[in-house]
Each structure stands twice: as C-alpha cells, then as structure tokens.
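Written below as structure tokens is the structure these notes are about.
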Amino acid sequence: MEPFAWEPEQMADQHGRTVVVTGATGGLGLVVATRLAAAGARVVAGVRDLDKAARVLPAGGGLEARVVDTASVASVTAFARQLAADGVVVDALINNAGVSVSRFGRSADGVERTWATNVVGPAVLADAMLPVLGGPSPRVVLVGSNLSQRSARTPDLDAVDDPERFRQFPAYIASKTAAAALAVELGMRLRASGSPVRSLIAHPGIAATGMNGQAETALARVAGRIARLAARTADDGARSILWAATADGVEPGIFVGPALRRSDRRLHPVPVRGAAADRAFQEGVRALVDQVVSRATA
C-alpha cells in the first residue's frame, strides 16, 4: 500500500461493533477508546484502576471499564475468560497498554516489568481472546513503536531478566521489537489455521503521552521532556490505531503509522522489518512467553 491521508472523521459508523482497548485511562488508549465510543462502538476499557477509569472515561456512551493488568498472566487470562462467560463477541482487540520503567524490577510472574507489560501480557491476552473474537472482520491490533523498525540490533533474550544489564531505553526498544515479533508470529498462526482474525501493528510516531513521563531518574525525565518537544499529540498519534481497528480491507501483517515529520499527516503502511521479522527471533520470544506462562500457571 502507498501512503494515504486518513482522519478520524472518515471512520465508518461503529454501531454494532465491540472493541477492547487496554491501557484506556490515559494517553493513546483514552483517545482511542473515547473516539470509538463516540462513533457508536461498544468499548470495553481494560484498566488497572476502576476508580481512575470512573474519573477519566466519559460516562455512558457505550464505554465500560473492566479490570485487567497486562503485567499479570492470571489477570489477562481471567479478563478474557470473563468476556467469554458474559457472551461478549469482540470485533477488535487493541493491545495498547505499555510501560517504560527506569529501574529493574520483576512482575508477580517473575519477569522484568517492561517485558511483562509490553510483551508477555499482550501476547497471552491475544491468544486468550481468540475464542471471543468474531464479527465480519475480527482483528488484533498491537500498538507498536517505530523504534523497532529502525533498530538493526536483535535483542538479547538472555539479558531480559538480568538486573546488571538493564537499561531503560534499550529495554523498551527490545520489548517493542519482541511484541512486534509476536504479532507477526500470531498472524502466521492465524493464516495457517484458516482463521479470519487478522494481526497487525499500528504505531503512533513519537506521541506526547504519559509514557514520556514514566521515568524515575533525572536523566530519564530530561529525555522524556526532549521527546515531548518533537512529539505529536495523543489525538494525532491515535489516528493509525483507529484506522487499523476500523478500516475495511486491512492487510494482515502490516506496520502502519505516521512519518517522523509532523507536517506529513499521511499514514504509511510498510512491512515489518528488522528482528521482528526474523523467524528465529520470533520463536525465541514465543519460547520466553511460554516459559513465563508455564511458571505462572504451575
């Protein structure tokens, strides 16, 4: 596909569709959830804090909040199971929740927090929700990072849980590369099984969201402020995600988002590149996720 102009005002009527959006109480997730609900969709906002959701999400209008912590295998599994038990048919899952932490720490499942939230949780959630994905054009949309496309380095999976080798920015890039690899791997499995579900990746460019403020050191906070100076607004960054979640005839496996230049408002669909497209790396990340799930469910 060639670059194309698209604005949220071109979004088709969303009445009759149900969309799950994780990380929906701030930044891109809040914009996406609010826009989809305004267009008529039933939006299930996956949140960690119901009190915060009650404060920031618009009341009514097809928006409902349910608890899910994407850093927890048990939480994402319970979330998907409850949707199934309630008979909810989901047209699109938007795996948006993500973090960038400046100090090493482990999740309840024993994996570094960045990877737990950005890689393991979204992958487990996507698989757990496959039975409830339906409708005329079901899809899983991963909110990715263009940094994964621009990095020539293949992340070292042995470094994921090593506190001595942890650095915030490399860990974040590695996690987004791994998440993109799993999105590609999911798409391959879906096509091989004949499933109608599509897997694709949408990136917001550099977006001014709370992610830039997820810093615990002075240096990281300065870097976040510099990033915000070059950033698109959350509304602007959300355009690619909204298109990926709602457009007809989307091609599975694409990586779509804006150019670095803010003056270029076109969306650019491109193939997944770099380590995320490498089959050996995909298999390595899948094995890591499987190991975490095995420990969490033992």
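Quick caveat: nothing in here was measured; it's all calculated off a predicted structure.
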CD-CZ distance between E112 and F166, expressed to the nearest 0.5 angstrom
4.5 Å
Ignoring hydrogens and angles, tell me if any N or O in the side chain of Q14 forms a donor-acceptor pair with the backbone of R17 under 3.5 Å.
no
Starting from V272, can I reach L147 by hopping between I/L/V/M/F/W/Y residues whose side chains sit under 4.5 Å apart?
no
Taking all non-hydrogen atoms of both residues, which atom of G110 and which atom of R295 are closest, and how far apart?
O-NH2, 3.9 Å
From the list I241, L242, V21, side chain to side chain contact (heavy atoms under 4.5 Å, CB included) partner of L28 resolves to I241
Under 4.5 Å between any side-chain heavy atoms of V256 and H203, yes or no?
no
Decide yes or no on side chain to side chain contact (heavy atoms under 4.5 Å, CB included) for L182 and L186, but give the supporting numbers first.
CA-CA 6 Å; L182 289 181; L186 173 63; over 6 Å; no
Using a strict 4.0 Å threshold on nitrogen-to-oxygen distance, state whether R239 and E7 make a salt bridge.
yes
When every non-hydrogen atom of T25 is compared with those of V56, the smallest separation belongs to O-CG2, 3.5 Å
Can you tell me if Q168 uses its side chain to pair, donor with acceptor, with the backbone of S100 under 3.5 Å?
yes
Show the nearest heavy-atom pair for residues T154 and A275, with the distance to one decimal.
OG1-CB, 3.8 Å
NZ/NE/NH1/NH2 to OD/OE distance under 4.0 Å, R165 and D156:
yes
Validation row: V289, V292 side chains within 4.5 angstrom (heavy atoms):
no
Same hydrophobic cluster for V140 and V44, using side-chain heavy-atom links shorter than 4.5 Å among ILVMFWY?
yes
About how many Å separate CG of L142 and CG of L200, when rounded to the nearest 0.5 Å?
9.0 Å
Straight-line distance of L267 CG to W6 CH2, nearest 0.5 Å
7.5 Å
Between R55 and D49, does any NZ, NE, NH1 or NH2 come within less than 4.0 Å of an OD or OE carboxylate oxygen?
no
Side-chain heavy atoms of V111 within contact of R106, under 4.5 Å:
no
Ignoring hydrogens and angles, tell me if any N or O in the side chain of Q282 forms a donor-acceptor pair with the backbone of A276 under 3.5 Å.
yes
Using a 4.5 Å cut-off on heavy atoms from C-beta on, say whether the side chain of L157 contacts that of F281.
yes
What I'd like to find out is whether the side chain of P138 reaches to under 4.5 Å of the side chain of P196, using heavy atoms alone.
yes
Any donor and acceptor pair, going by atom type alone, linking the side chain of S195 with main-chain N or O of L190 inside 3.5 Å?
no
Which pair of non-hydrogen atoms, one from A245 and one from A92, has the smallest distance, and what is that distance?
O-CB, 4.2 Å
Partners meeting salt bridge (Lys or Arg N to Asp or Glu O under 4.0 Å) with D290 (sequence neighbours left out)
R286
Verify the distance criterion only: is there a donor paired with an acceptor across the side chains of Q82 and D86 at less than 3.5 Å?
yes
Donor-acceptor check, side chain of T34 to backbone of L30, threshold 3.5 angstrom: yes or no?
yes
Are a donor atom and an acceptor atom from the side chains of N118 and S175 found within less than 3.5 Å of each other?
yes
According to side chain to side chain donor-acceptor pair (under 3.5 Å), does anything in residues 136-147 pair up with another residue at least two apart or in another chain? List the pairs.
S137-R139
Report the C-alpha separation of V90 and V19 in whole Å, then their side-chain angles, then the decisive distance to 0.1 Å, and conclude whether the side chain to side chain contact (heavy atoms under 4.5 Å, CB included) test is met.
CA-CA 6 Å; V90 177; V19 183; 5.9 Å; no
Pair S107-W115, side chain to side chain contact (heavy atoms under 4.5 Å, CB included): steps then yes or no:
CA-CA 9 Å; S107 70; W115 280 69; over 6 Å; no
Restricting to pairs with a member in residues 240-252, which pass side chain to side chain donor-acceptor pair (under 3.5 Å), not counting sequence neighbours?
none
Short side-chain to backbone donor-acceptor contact, T22 and A97, under 3.5 Å
yes
Would you kindly confirm whether V76 and V88 end up in one hydrophobic cluster when ILVMFWY residues are joined by side chain heavy atoms under 4.5 Å apart?
yes
F79 vs L125, side chain to side chain contact (heavy atoms under 4.5 Å, CB included): CA-CA, chis, key distance, verdict:
CA-CA 8 Å; F79 177 81; L125 181 59; 3.8 Å; yes
Answer yes if M11 and V141 sit in the same cluster of Ile, Leu, Val, Met, Phe, Trp and Tyr residues linked by side chain heavy atoms under 4.5 Å apart, and no otherwise.
yes
Does anything in residues 29-42 form a salt bridge (charged side-chain N to carboxylate O under 4.0 Å, His left out)? List the pairs, not counting sequence neighbours.
E9-R35, R42-E64
Report yes or no: does K176 contribute a side-chain atom to a donor-acceptor pair with the main-chain N or O of V143 at less than 3.5 Å?
yes
Treating N95 as the side-chain partner and P122 as the backbone partner, does any N or O pair qualify as donor plus acceptor under 3.5 Å?
yes
Return yes when atom CZ of F169 has more than 12 non-hydrogen atoms of other residues, nucleotides or ligands closer than 6.0 Å, and no otherwise.
no
Got a sec: does the CZ of R279 have more than 12 other heavy atoms crowding it under 6.0 Å?
yes
Any side-chain heavy atom of L36 within less than 4.5 Å of one from V32?
yes
Side-chain donor/acceptor of D69 to backbone N/O of R48, under 3.5 Å
no
If you take all heavy atoms of L93 and A126, which pair is closest and at what distance?
CD2-CA, 3.8 Å
Look at the side-chain heavy atoms of Ile, Leu, Val, Met, Phe, Trp and Tyr, link any pair under 4.5 Å apart, and say whether V119 and V160 land in one connected group.
yes
For residues 266-277, which residue pairs pass the side chain to side chain donor-acceptor pair (under 3.5 Å) check, not counting sequence neighbours?
D264-R266, D264-H268
What I'd like to find out is whether the side chain of T177 reaches to under 4.5 Å of the side chain of P155, using heavy atoms alone.
yes
Please report the closest heavy-atom contact between M129 and A80, naming both atoms and the distance.
CG-CB, 3.7 Å
Partner residues of D109 under the salt bridge (Lys or Arg N to Asp or Glu O under 4.0 Å) criterion, sequence neighbours left out:
none
Taking the side chain as every heavy atom from C-beta outward, state whether D162 and D158 have any pair of such atoms under 4.5 Å apart.
no
